[in-house]
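When a residue number appears, it is its place in the shown sequence, counting from 1. As the structure lists them, so they are numbered: ligands from 1, and atoms in each ligand from 1.
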Amino acid sequence: MGKSSKDKRDIYYRRAKEQGWRARSAFKLLQLHDEFQILSGIKRVVDLCAAPGSWSQVLSRELYQNQNQPDAKIVAVDLQPMMPIEGVTTIQADITHPKTLQKILEIFGGEPADFVCSDGAPDVTGLHDLDEYIQAQLILSALQLTTCILKPGGTFVAKIFRGRDIDLLYSQLSYLFEKVICAKPRSSRGTSLEAFIVCIGYTPRPGWNPTLEMNKSTEEFFEGADIGKAGNLKFFDLPDPEERKIAKFIACGDLNDVDSDATYTLDSDSKVKALDPVQMPTAPPYKKALEMKRRGDLVRR
Ligand SMILES: C[S@@+](CC[C@H](N)C(=O)[O-])C[C@H]1O[C@@H](n2cnc3c(N)ncnc32)[C@H](O)[C@@H]1O
């Protein structure tokens with residue numbers, strides 16, 4: 001976003017710059033933590049789809065400064081390169097590739113993670129069904145990686161879009177975690193379908209050893225996890241094989257705080273100084289288009 005008047009009036013965007021966060025998303029993780037205490041007492045953390053790095057900044061501040069844990073380990077993964085953050089090991093990689101899991105495990109010395117989060121969003125194509133499908137695949141990839149690295153009892157947080165079949169995902173997650181909550185932080189625009197699943201208390205089925213392999217389908221991966229068959233449910237004939245569940249929905253953050261959908265007229269608006277971004281994008285997908293535009297090569301046909 002440039003130095004437009006919107007820049008001055010989107011309060012979370014402006015606050016992020018004032019407080020030194022690389023993106024306004026920082027407030028989403030902070031508000032999720034305020035509500036669920038998800039960052040308390042964690043030591044080994046994986047931040048998936050982490051660029052430009054505001055969640056990693058929050059994690060770094062929380063673990064090293066607030067909790068004073070010098071031996072904590074934070075690994076941040078993204079397709080895009082990330083500028084360094086104190087105490088965070090960054091990996092430029094695809095979370096859907098099995099090698100990425102190996103790299104994270106090497107950094108953790110084979111130890112499991114206490115907390116995995118994913119704020120992943122693929123580039124949108126504009127084709128609604130395709131975009132929804134790719135987003136769903138990204139969440140599944142984050143979940144698969146998580147099941148291979150998260151310790152029993154650990155927490156998984158991921159961005160979701162509350163589309164048509166989201167109740168299927170809630171249902172499947174409830175076989176893997178003790179609690180599954182759909183949370184909407186105040187800083188996430190109310191007009192957007194974006195929300196976050198907060199999955200607490202990882203409980204993999206005993207004897208299930210998930211492994212990531214190229215060309216393994218999602219069905220093959222979850223074989224043995226007994227999703228849809230756990231507990232007493234195996235004794236019932238379910239009329240609908242597609243089991244659906246409604247997760248508890250919790251709005252979090254100070255509900256009296258500013259509205260993330262609103263633009264505000266600031267006092268003496270014209271005098272409000274435009275702030276530079278905390279971190280310029282390293283390799284944005286629109287970089288090539290901007291270069292072409294500058295050269296005059298971008299023509300509308
Ligand atoms: C909304 S941004 C994340 C913002 C970040 N949480 C922060 O606070 O700065 C979404 C990110 O997902 C990344 N992403 C999308 N697909 C990915 C994949 N397959 N592997 C790794 N990263 C991916 C994108 O490159 C993008 O940086």
Side-chain angles (χ1 to χ4, degrees), residues 1 10 12-13 15-17 19-33 38-39 45-63 74-104 107 115-125 130-146 148-149 156-161 183 185 187-189 192-198 212 214 218 253 260 277-288:
M1 215 186 292
D10 174 347
Y12 283 107
Y13 183 69
R15 269 187 196 167
K17 290 199 206 174
Q19 296 178 20
W21 303 118
R22 292 181 181 183
R24 71 195 286 296
S25 340
F27 296 109
K28 299 174 191 170
L29 185 59
L30 286 166
Q31 290 169 354
L32 289 169
H33 175 53
I38 43 178
L39 309 182
V45 174
V46 186
D47 182 8
L48 299 173
C49 303
S54 78
W55 280 27
S56 288
Q57 287 182 292
V58 170
L59 291 163
S60 166
R61 191 190 69 177
E62 182 59 32
L63 269 62
I74 304 170
V75 179
V77 185
D78 202 286
L79 288 171
Q80 306 291 335
M82 269 173 74
M83 293 305 282
I85 297 171
E86 209 180 328
V88 178
T89 308
T90 54
I91 305 178
Q92 188 178 354
D94 185 344
I95 68 156
T96 67
H97 199 288
K99 274 194 186 154
T100 305
L101 170 68
Q102 292 316 319
K103 285 185 191 158
I104 304 171
I107 294 166
F115 179 85
V116 182
C117 57
S118 171
D119 189 23
D123 290 340
V124 283
T125 65
L130 181 63
D131 288 339
E132 207 175 300
Y133 173 78
I134 297 173
Q135 175 68 31
Q137 289 305 308
L138 196 60
I139 296 167
L140 277 178
S141 294
L143 176 64
Q144 285 175 283
L145 187 150
T146 299
C148 295
I149 200 169
F156 172 58
V157 171
K159 172 154 74 190
I160 54 163
F161 288 92
S187 50
S188 168
R189 296 181 206 282
S192 148
L193 287 177
E194 176 188 90
F196 294 85
I197 33 161
V198 178
L212 279 183
M214 285 302 272
T218 311
S260 46
V278 172
Q279 179 62 60
M280 294 303 282
T282 43
Y286 50 80
K287 192 173 170 188
K288 192 171 168 202

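In this structure, CD on Gln92 lies 8.0 Å from CG on Leu79, to the nearest 0.5 angstrom. One finds the OG atom of Ser141 at 11.5 Å from the NE2 atom of His97 (value rounded to the nearest 0.5 Å).
In summary, Lys159 and Glu194 engage in a salt bridge, as defined by a charged side-chain N under 4.0 Å from a carboxylate O.
Counted within 6.0 Å of CD on Glu86, heavy atoms from surrounding residues, nucleotides or ligands total 12 or fewer; the atom is thus considered open.
Sorted by chain and number, the residues within 4.0 Å of ligand 1 by heavy atom are Ser25, Cys49, Ala50, Ala51, Pro52, Gly53, Ser54, Trp55, Asp78, Leu79, Gln80, Ala93, Asp94, Ile95, Asp119, Gly120, Ala121, Leu138, Lys159.
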Practice problem: Evaluate side-chain contact (heavy atoms from CB on, under 4.5 Å) for Ile85 paired with Arg22, printing each intermediate quantity in order. | Solution: CA-CA 11 Å; Ile85 297 171; Arg22 292 181 181 183; 3.4 Å; yes
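None of Thr89, Ile74, Val46 except one satisfies the side-chain contact (heavy atoms from CB on, under 4.5 Å) rule with Ile107; the exception is Thr89.
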